[in-house]
Amino acid sequence: MNYQNMGTFDAGVIQRPGGAVPQGGMTMDAAGIASGQAFLVSELEKRDALVRKPLTSVTYPRDIVVKSGGGWVDFVSAQSVGYGLAGGSGAGPVQAGGANGLPIVQANLDKGVYKAHAFAAALRVMWVDMQKAGFIGRSLDQLLQDGMRMAYDKHMDQNVYTGLEEYGTHGLVNHPDAAETTVAGNGAAAPSTKWADKSKEQILADINSAILSVWEAAEYDEEAMPNHILLPYGQYAHILNTMVTDLAGESILDYVLKNNVAAKNGRTLYVGAARWCKGAGTGGTDRMVVYVNHERFLQVEELVPLARVMSQPNAAEFCYDTAYAANISEVELFYPQTMGYFDGI
């Protein structure tokens, strides 16, 4: 065997017929390939199997009922009815001897119409990249599908919370039919409405006042008692981390969840954080959203859930194109009086 062309190790460098190469490794030149170092570069490598995706979050399925089905439509309609009784329901129906007429119950039917829109986007996988993906054991198509799903969820998140300004729709935090008000001040010499400047009792008073305000607007209907509150993350963290007293192991959030109006009336109140509430109030103030999270009062519809609708080769671009589509409604607020905004927290 001829060892004439093999290098020797000397003073931190590899000595070979072509000259010295730095200790960090050989370059992919002809000499490196000839000496077998190309094999080492590709094989002496630990590959992390985890593909790290972008950091993001969506919370819309938590905060609204998502109803599925309906097909490809431009609008969604919902029927409502109001009733009236001649003379009112108090003394109006009272009868006496000799009465010769009865008050008539009348019904006023109304139809609400809500916009729907199509979501559509495409994936493009280059043919050469598809062939290369077979060597690394990962599906390029699956990676792109995950990206499509992320784009759809981000679209739904905005559609649910703020709507699409370009198309005149609104969401949970900015619906024009919901009542707006500013929470009470803290009564200090330097007055403030912010929760960071309030006691636990004042924060509870803000929440109870908000619940009662919305419930009163709904004629105190038992089913219309608010059960869902959204806060900015800052205020949510404040009531979660601030203890009621220095000695108590109970946070303000625990205190509020036990002592709010809904809980005292046998209801379960959810208090959660949503990034869309920050700056959503009048004048850029932080907003608390109080509403009834139930499909009778509020929902959004996936009329056609996101689906892979067609795929074909594209010879001109040397790739495969795949189209995805969905049909989605705007937020459907059936009873505007069951939602209220409370700014300045």
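As the structure is a prediction and not an experimental result, all values here were calculated from the model.
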Would you name the heavy atoms of [X] and [Y] that are closest together and state the gap between them?
X      : Y      : value
Val125 : Met130 : CG1-CE, 3.7 Å
Ala116 : Leu303 : CB-CD1, 3.7 Å
Pro103 : Pro93  : CG-CA, 3.9 Å

Heavy-atom check, side chain of [X] versus side chain of [Y], under 4.5 Å:
X      : Y      : result
Leu143 : Gln145 : no
Val331 : Gln299 : no
Glu317 : Arg124 : yes
Asn265 : Met225 : yes
Tyr324 : Arg149 : no
Ile239 : Leu231 : yes
Met150 : Pro54  : yes
Ile345 : Pro232 : yes

Here the ring-ring contact (aromatic ring centres under 6.0 Å, His included) pairs for residues 77-130, sequence neighbours left out, are Tyr114-Phe334, His117-His155, Phe119-Tyr152, Phe119-His155, Trp127-Phe318
With a 4.5 Å cut-off on side-chain heavy-atom distances among I, L, V, M, F, W and Y, is there a chain of contacts connecting [X] to [Y]?
X      : Y      : answer
Leu253 : Leu230 : no
Val292 : Leu212 : no
Val290 : Met339 : no
Val173 : Tyr291 : yes
Leu164 : Tyr60  : no

How many angstroms lie between [atom1] in [X] and [atom2] in [Y], if you round to the nearest 0.5 Å?
X      : Y      : atom1 : atom2 : value
Asp286 : Gln235 : CG    : CD    : 4.5 Å
Ser329 : Asn159 : OG    : CG    : 7.0 Å
Glu330 : Glu301 : CD    : CD    : 11.0 Å
Lys264 : Leu269 : NZ    : CG    : 13.0 Å
Ile203 : Ile252 : CD1   : CD1   : 4.0 Å
Thr282 : Asp343 : OG1   : CG    : 4.5 Å

Ring pair (Phe, Tyr, Trp, His ring centres under 6.0 Å) filter on Phe297, not counting sequence neighbours, yields Tyr335
Go through Asn227 and Tyr270 one step at a time and tell me if the side chain to side chain contact (heavy atoms under 4.5 Å, CB included) criterion holds. CA-CA 6 Å; Asn227 62 1; Tyr270 174 82; over 6 Å; no
Only counting residues at least two apart or in another chain, list the ones meeting side chain to side chain contact (heavy atoms under 4.5 Å, CB included) with [X].
X      : result
Asp177 : His175, Pro336
Leu55  : none
Thr245 : Leu247, Ala248

Any donor-acceptor N/O pair, [X] side chain to [Y] backbone, under 3.5 Å:
X      : Y      : result
Gln131 : Val128 : no
Asn208 : Val261 : yes
Asp157 : Asp153 : no
Ser213 : Ser209 : no

Before accepting this row, confirm whether a basic side-chain N of the pair Asp254/Lys258 lies closer than 4.0 Å to the acidic partner's carboxylate O.
->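 Salt bridge absent between Asp254 and Lys258.
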Residues pairing under side chain to side chain donor-acceptor pair (under 3.5 Å) where one sits in residues 183-197, two or more places apart or in two chains, turn out to be Ser192-Asp197, Trp195-Asp206
Can you list, pair by pair, the side-chain donor-acceptor contacts under 3.5 Å of residues 215-222, counting residues two or more places apart and other chains?
| from | atom 1 | to | atom 2 | distance (Å) |
| --- | --- | --- | --- | --- |
| Trp215 | NE1 | Tyr220 | O | 3.4 |
| Trp215 | NE1 | Asp221 | O | 2.9 |
| Asp221 | OD1 | Glu223 | N | 2.8 |

**OP:** May I ask you to check whether over 12 heavy atoms, not counting those of Glu165, lie within 6.0 Å of atom CD?
**Re:**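 Incorrect, the count does not exceed 12.
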Please list, chain by chain and in numerical order, all residues satisfying salt bridge (Lys or Arg N to Asp or Glu O under 4.0 Å) with [X], sequence neighbours excluded.
X      : result
Lys132 : none
Glu180 : Arg287
Asp141 : Arg308
Glu201 : none

_side chain to side chain contact (heavy atoms under 4.5 Å, CB included) assessment of Lys154 paired with Thr56_ = CA-CA 9 Å; Lys154 297 284 282 185; Thr56 188; 2.9 Å; yes
Audit row: Ile207, Met288, side chain to side chain contact (heavy atoms under 4.5 Å, CB included) steps and yes/no: CA-CA 9 Å; Ile207 290 176; Met288 173 171 62; 4.2 Å; yes
Would you mind writing out the side-chain donor-acceptor pairs for residues 63-80 within the sub-3.5 Å range, not counting sequence neighbours?
| from | atom 1 | to | atom 2 | distance (Å) |
| --- | --- | --- | --- | --- |
| Asp63 | OD1 | His228 | NE2 | 2.8 |
| Asp63 | OD2 | Tyr161 | OH | 2.4 |
| Ser80 | OG | Asp110 | O | 3.4 |

Would you please test Leu298 and Glu332 for side chain to side chain contact (heavy atoms under 4.5 Å, CB included) and show each step?
CA-CA 6 Å; Leu298 177 77; Glu332 300 166 11; over 6 Å; no
### Message
Could you check whether Asp321 and Asn314, counting side-chain N and O atoms only, form a donor-acceptor pair closer than 3.5 Å?
### Response
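Distance-only check passes for Asn314 and Asp321.
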| said: Distance alone, cut at 3.5 Å: any donor-acceptor contact between the side chains of Tyr341 and Asn174? | reply: no
